[in-house]
Protein chains: 2
Amino acid sequence: MSGETWSPPAILIAVDLVILTLRSSELHVLLVERGTEPYRGQHALPGGFLNTADEDIVDAALRELREEANLDLSRLHLEQLGAYGGPDRDPRGRVISIAYLAIAPELPEPVAGTDAARALWTPAADPLSRTTRLAFDHDQILADGIERARTKLERTSLATAFCPEPFTLSDLQQVYEAVWGVRLDQGNFYRKVRGVPGFVLPAGEVRRPTKGRPARLYKAGPRTTLHPPVVRPTLP
Amino acid sequence: MSGETWSPPAILIAVDLVILTLRSSELHVLLVERGTEPYRGQHALPGGFLNTADEDIVDAALRELREEANLDLSRLHLEQLGAYGGPDRDPRGRVISIAYLAIAPELPEPVAGTDAARALWTPAADPLSRTTRLAFDHDQILADGIERARTKLERTSLATAFCPEPFTLSDLQQVYEAVWGVRLDQGNFYRKVRGVPGFVLPAGEVRRPTKGRPARLYKAGPRTTLHPPVVRPTLP
DNA sequence: CGAATAGTGTCTATAAGACATTATACT
DNA sequence: AGTATAATGTCTTATAGACACTATTCG
């Protein structure tokens, strides 16, 4: 840090959110349709500008989260993805966006809130196979967010953040399958999960959809880092 | 910039660098001694403010890198750590810093450059055991940088970025041992590394320190992601 | 030769993958 | 009974860890 007396460059700080959840066993991301230029009418990640110079960045992310999505905020995972902002990112001027990854269990009423009319859940298919391009560099941010979620499933208990509590081990397995886009062997998955002490804790019992044997219920345990990790099937 | 209804919050964008390298088989980080307030005389990560509103952030990071460290820029790894900036981070006003992790092999002359007098390599011991506190939130940034390097050693070929080419497998092993702070079995390490196709490629042969059998030389291969990963010994 | 470092081989414990089997609900 | 889902068990294979052994240089 050196300079002291020159006027600061005019740079706007934005916050963008990659909000992931599971809907009917599929990974979904919350998008909004832009009502103003630029990229009017196109889909984009929810977000907005920092209100004041002394607003905390995480607070701004939480504010946007409340405005856009009606999620279970009590069990919310929120982490920063990073800063995005090439000089030509926004035609209105220099904008640097701090992107956040948010993960929460689905709620009965998925989309409602101040700006709800503009918000919609869309399948978070791999950006490559995505038909429409997102505004700004949001395709890149979304891809980074999904990749972050995928890698963190291996070594952290992030998967439980997708599940309303209490959940069954089948629920948890569906999280891994949906986020990774693979099928896992049920028996091996059970053995793995229950072999990591503190990952999940027993809760009670219930039957789910009037079909088959009732499943045991669990809640997230105190362990946040997984040893040994739940390894993703090797692709190459 | 067009005329806006509200003037943008006065926010300064800074770039800070966690520059890691290996010196005499120990992980070191480049620090500078601050010559101005605040935190005058205290150690800090090298960095500076964005020059202009249209300067690319990565360019600013590279500029600081050139100013502070005389490293092998041809084999440089540079990745973003994230944005840091609580409202009270800097007493001079609102500053949001984009932190980068830089990794490069050591050069014969380690520190020299424009602001070289202020720069010094210090052992990157775990921040907990560190005796002096860094300025601002740089202890946190440094800890995040080291942790990022540690996890990326497992699944990427990042370790080769620490080694001047060509390198021996012992050199590479020392990288893992220094960054992870563990001892690895040589035989198992050889088996592992050579079992990942494209991780390292043969180069020639040489003897290193007039002692013992000469070691084969390698250079970094095309593979950047490691399958299967080089797993860190389980701690808990 | 001995010391020192490089590299290979081998045995064992552990974890993963495939897959069969049992368990418990429902209609 | 028949079906559907949950949970456990078993066998095989791959991999990690420990460690002994051989190889090649130097003095």
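Every chain is numbered from 1 and lettered A, B, ... according to where its sequence line falls, protein lines coming before strand lines.
- Counting to the nearest Å, the P atom of D:dA23 and the CZ atom of B:R216 are 13 Å from each other.
- For A:R34, there are no salt bridge (charged side-chain N to carboxylate O under 4.0 Å, His left out) partners two or more places apart in sequence or in a different chain.
- Here B:A215 pairs with B:T168 under the side chain to side chain contact (heavy atoms under 4.5 Å, CB included) rule; sequence neighbours left out.
- Among the nucleotides C:dG7, D:dC19, C:dA18, the one closest to any side-chain atom of B:D185 is D:dC19.
- No side-chain heavy atom of B:H28 sits less than 4.5 Å from a side-chain heavy atom of B:I19.
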Residues 192-199 of chain A side chain polar contacts: donor-acceptor under 3.5 Å, at least two apart:
unit_1	atom_1	unit_2	atom_2	d
A:K192	NZ	A:P229	O	3.3

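- A:D137 pairs by the salt bridge (charged side-chain N to carboxylate O under 4.0 Å, His left out) definition with A:R89, not counting sequence neighbours.
- In this structure A:E26 satisfies the salt bridge (charged side-chain N to carboxylate O under 4.0 Å, His left out) test with no other residue, sequence neighbours excluded.
- Applying the 4.0 Å criterion to OP1 and OP2 of C:dT5, one finds that B:Q186 has every side-chain N and O outside that range.
- In this structure, the salt bridge (charged side-chain N to carboxylate O under 4.0 Å, His left out) partners of B:K152, at least two apart in sequence or on a different chain, are B:E79.
- Atom CG of B:N188 and atom C1' of C:dA13 are 13 Å apart (whole Å).
- One N or O on the side chain of A:Q173 and one on the backbone of A:L184 form a donor-acceptor pair closer than 3.5 Å.
- At a non-hydrogen distance threshold of 4.0 Å, nothing from residues 164-176 of chain B comes into contact with DNA chain D.
- When the ring-ring contact (aromatic ring centres under 6.0 Å, His included) test is applied to A:F136, the partners found at least two apart in sequence or on another chain are A:Y39, A:H138.
- Nucleotide D:dA16 holds its P atom 13 Å from the NE2 atom of B:H227, rounded to whole Å.
- For A:P228 and B:G187, each mapped to the nucleotide of DNA chain C holding its nearest heavy atom, the one lying further toward the 5' end belongs to B:G187.
- Applying the ring-ring contact (aromatic ring centres under 6.0 Å, His included) rule to B:F189 yields the partners B:Y176; only residues at least two apart in sequence or on another chain are considered.
- Using a 4.0 Å cutoff on non-hydrogen atoms, the parts of residues 190-200 of chain B near DNA chain D are B:R191, B:K192, ordered by number.
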Distances under 3.5 Å only, N/O to N/O: pair up the protein atoms with those of nucleotides 22-25 of chain C.
unit_1	atom_1	unit_2	atom_2	d
C:dA23	N3	A:R213	NH1	3.2

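- Atom pair B:R232:CZ and D:dT15:P shows a separation of 21 Å (rounding to whole Å applied).
- Spacing between atom CG of A:L226 and atom P of C:dA15 amounts to 14 Å, rounded to whole angstrom units.
- At whole-Å resolution of the value, CZ in B:R183 and C1' in D:dG17 are 15 Å apart.
- Not counting sequence neighbours, the partners of A:V58 by the side chain to side chain contact (heavy atoms under 4.5 Å, CB included) test are A:D56, A:L62, A:L78, A:Y100.
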